[in-house]
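Following: one structure in structure tokens, then a few remarks.
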2 protein chains.
Amino acid sequence: MTLKPTDIVRTRELAFFRAASDETFDRVMSGAFLQRFPSGTTLLLEGDSVDFLYVLLDGSVELGAGWKSKDTTLAILRPVSTFILAAVVLESDALMSAVTLERSEILMVPGESIRRAMSDDPVFGFAISEELAGCYRGLVRSIKNHKLRDSTERLANYLMTQRARQGETDEITLPHEKRVLAALLGMSPENLSRAFAKLSAQGVAVDGALVRFSKVQALERLARPSPLIDNHFAQSRSQLGKANTERQQGVLNDPQNR
Amino acid sequence: MTLKPTDIVRTRELAFFRAASDETFDRVMSGAFLQRFPSGTTLLLEGDSVDFLYVLLDGSVELGAGWKSKDTTLAILRPVSTFILAAVVLESDALMSAVTLERSEILMVPGESIRRAMSDDPVFGFAISEELAGCYRGLVRSIKNHKLRDSTERLANYLMTQRARQGETDEITLPHEKRVLAALLGMSPENLSRAFAKLSAQGVAVDGALVRFSKVQALERLARPSPLIDNHFAQSRSQLGKANTERQQGVLNDPQNR
DNA sequence: ATCGATCCTTGACATTTATCAATCCGGTTT
DNA sequence: AAACCGGATTGATAAATGTCAAGGATCGAT
């Protein structure tokens with residue numbers, strides 16, 4: 001599949017590619033190629049040795065892992081974002097599996113190109129460090145979210161985050177099926193239903209994918225969002241001098257979340 | 001507190017300092033200084049803006065976080081290791097608190113020195129990326145450990161890891177108080193006691209800090225350690241061509257664990 | 001030797017979450 | 001319209017974990 005100009009533009013939206021010189025960028029992209037996958041495709045299994053950086057340009061991808069017949073979702077990615085960067089930098093095996101949740105368009109960049117560019121272009125190298133640091137901090141937030149909050153509190157904060165992203169309105173649309181959302185929040189679908197039911201006391205009304213808030217303050221009092229866990233404390237778009245590369249891994253990796 | 005030659009040597013044990021040229025290393029260290037802290041000292045609170053890379057040279061440090069009157073331990077560090085590297089790279093606030101668990105010796109390196117060296121010395125910059133990638137993968141392992149295993153399984157795997165590190169013997173010494181160990185494994189001290197009791201069926205006998213194994217195979221069958229979660233699958237020391245920079249964050253950050 | 005502090009253990013109980021089964025609902029096919 | 005399907009909900013139950021309280025072991029200081 002050949003690369004269209006529009007794919008190039010979207011790829012360059014990534015903070016660490018924006019930091020690269022044109023020369024570096026062109027050299028990295030010269031070995032890259034685009035692939036389209038149907039929904040439900042396993043892109044990689046944990047333990048696979050892969051030497052490509054994956055760039056999700058369209059669709060969505062679930063990162064997960066399993067052990068002893070149990071499975072868990074670690075993150076859901078939306079465009080434009082990358083995955084298995086850490087494995088590429090260290091030339092090691094993937095620790096997570098990746099499965100498409102819908103038809104997806106994915107750019108595959110040879111790992112060697114990335115590593116060479118890091119060595120050749122210190123600005124690019126620094127930007128990769130920033131990206132990795134952001135991913136790391138996203139994981140720290142995710143762990144705190146899981147270890148410090150019960151399922152209802154996680155849902156409440158998820159709703160507050162969505163609300164912040166969808167414009168502080170009192171009606172939002174859930175971007176995933178509820179069972180996917182449940183996996184993302186680390187609970188069973190049954191418990192997600194019950195968590196929604198509990199939040200009716202805080203004025204949360206669910207109708208399919210639509211969620212309406214009638215008592216935002218009560219919800220916020222329960223959610224108690226924190227800038228040290230949640231990443232929606234909008235540096236307003238304008239004052240965003242330095243790109244925020246942090247990822248809300250394990251809660252939602254959203255391109256707005258830079 | 002002035003820097004002794006031995007401190008310099010120990011600091012250089014860090015993979016990313018070993019990668020640096022002498023010139024880079026000297027420049028980074030020129031602004032650094034050593035501090036000694038008694039046990040129980042809070043080095044930083046989550047949310048603090050700090051611009052130092054902390055290098056633990058002696059003692060041990062607990063990284064933790066809290067929310068709504070709850071607290072959790074994220075990792076326990078032993079020499080030689082660093083913390084808040086990600087915050088330094090991104091010039092942002094700490095997401096975790098750090099408290100000394102014993103009298104500790106800590107080298108503090110100005111963040112600006114690190115960032116400048118990353119830009120000036122691409123080899124050093126690359127090594128920092130490797131370090132960050134290793135920390136990231138350590139956190140992924142930690143999340144998998146917590147979401148896929150129950151408390152008894154986590155303890156069983158912790159014991160297997162310690163056994164591997166202490167030389168595949170059938171008697172090991174726990175390196176922490178049991179309540180610290182409980183926090184590290186994400187359970188209450190009470191449940192740690194019960195988990196030990198359950199493992200007596202697998203031939204685990206506890207006597208204070210001493211743990212004896214009489215049925216290693218049974219224990220291993222329950223623990224089912226995996227190279228995709230646990231990091232003790234010894235690349236034997238000799239074939240260790242490339243340093244393994246991965247950190248077992250949240251389980252134990254051990255200097256052997258490179 | 002005794003006291004006291006700290007840590008560990010144990011039991012009873014509450015809470016949280018998962019699991020299983022049944023049902024419901026919306027949309028599509030026949 | 002009837003049948004059907006997948007996802008979502010609800011209820012009942014079980015398992016895992018946390019909390020509270022009491023008691024026991026250990027160690028150091030007096």
Check: Given the rule in the side chain to side chain contact (heavy atoms under 4.5 Å, CB included) test, do B/Met96 and B/Glu46 qualify, once you have shown the distances and angles that lead to the verdict?
Finding: CA-CA 4 Å; B/Met96 306 187 270; B/Glu46 44 183 335; 5.5 Å; no

Check: Between A/Phe83 and A/Tyr54, does the ring centroid distance fall short of 6.0 Å?
Finding: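 Ring centres of A/Tyr54 and A/Phe83 closer than 6.0 Å.
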
Margin query: Between B/Glu220 and B/Gln217, is the side chain to side chain contact (heavy atoms under 4.5 Å, CB included) condition met? List the steps.
Written below: CA-CA 5 Å; B/Glu220 180 148 23; B/Gln217 255 193 320; 5.5 Å; no

Please report, rounded to the nearest Å, how far the [atom2] atom of [N] is from the [atom1] atom of [X].
X: B/Leu185; N: D/dA16; atom1: CG; atom2: C1'; answer: 16 Å
X: B/Glu153; N: D/dA16; atom1: CD; atom2: C1'; answer: 11 Å
X: A/Asn191; N: D/dG11; atom1: CG; atom2: C1'; answer: 13 Å
X: A/Leu148; N: D/dG18; atom1: CG; atom2: P; answer: 13 Å
X: B/His146; N: D/dT17; atom1: NE2; atom2: P; answer: 11 Å

Next item on the list: Quick one: do A/Arg149 and A/Asp230 satisfy salt bridge (Lys or Arg N to Asp or Glu O under 4.0 Å)? Show the steps, please.
Entry: CA-CA 12 Å; A/Arg149 291 170 172 163; A/Asp230 312 289; 2.9 Å; yes

Margin query: Reading DNA chain C from 5' onward, which residue's closest nucleotide shows up sooner: B/Ala197 or A/Lys198?
Written below: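 So the residue in question is B/Ala197.
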
Item checked: 5' precedence on DNA chain C between B/Phe196 and A/Lys70 (nearest-nucleotide basis) ->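 The residue whose closest nucleotide sits nearer the 5' end is B/Phe196.
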
Next item on the list: Would you please test A/Glu102 and A/Ser39 for side chain to side chain donor-acceptor pair (under 3.5 Å) and show each step?
Entry: CA-CA 4 Å; A/Glu102 37 182 317; A/Ser39 179; over 6 Å; no

Notebook entry, point to check: Using a cut-off of less than 4.0 Å, is there contact between a side-chain N or O of B/Ser151 and OP1 or OP2 of D/dT17?
Noted result: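 For D/dT17, OP1 or OP2 has a side-chain N or O of B/Ser151 closer than 4.0 Å.
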
Checklist line | Base D/dG6 paired with A/Arg179 side chain (donor-acceptor, <3.5 Å) | finding: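 No.
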
Next item on the list: With the side chain of B/Arg154 defined as its heavy atoms from C-beta on, choose the nearest nucleotide among D/dT17, D/dG18, D/dT9.
Entry: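 My answer, after comparing the listed nucleotides, is D/dT17.
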
Next item on the list: Inspect the contact between B/Lys68 and A/Glu153 and indicate whether a charged nitrogen and a carboxylate oxygen are less than 4.0 angstrom apart.
Entry: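 A salt bridge is present here (some side-chain N lies under 4.0 Å from a carboxylate O).
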
Margin query: Going 5' to 3' along DNA chain C, which are the first and last nucleotides with any atom under 4.0 Å from a heavy atom of chain A?
Written below: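 Contact boundaries, 5' end first: C/dT17 to C/dC20.
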
Check: Step by step, would you call A/Leu44 with A/Ile84 a side chain to side chain contact (heavy atoms under 4.5 Å, CB included)?
Finding: CA-CA 10 Å; A/Leu44 37 102; A/Ile84 58 160; 3.9 Å; yes

Check: B/Glu190 near the nucleic acid: base, sugar-phosphate alone, or nothing, with a heavy-atom cut-off under 4.0 Å?
Finding: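 Base, at least one base heavy atom under 4.0 Å.
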
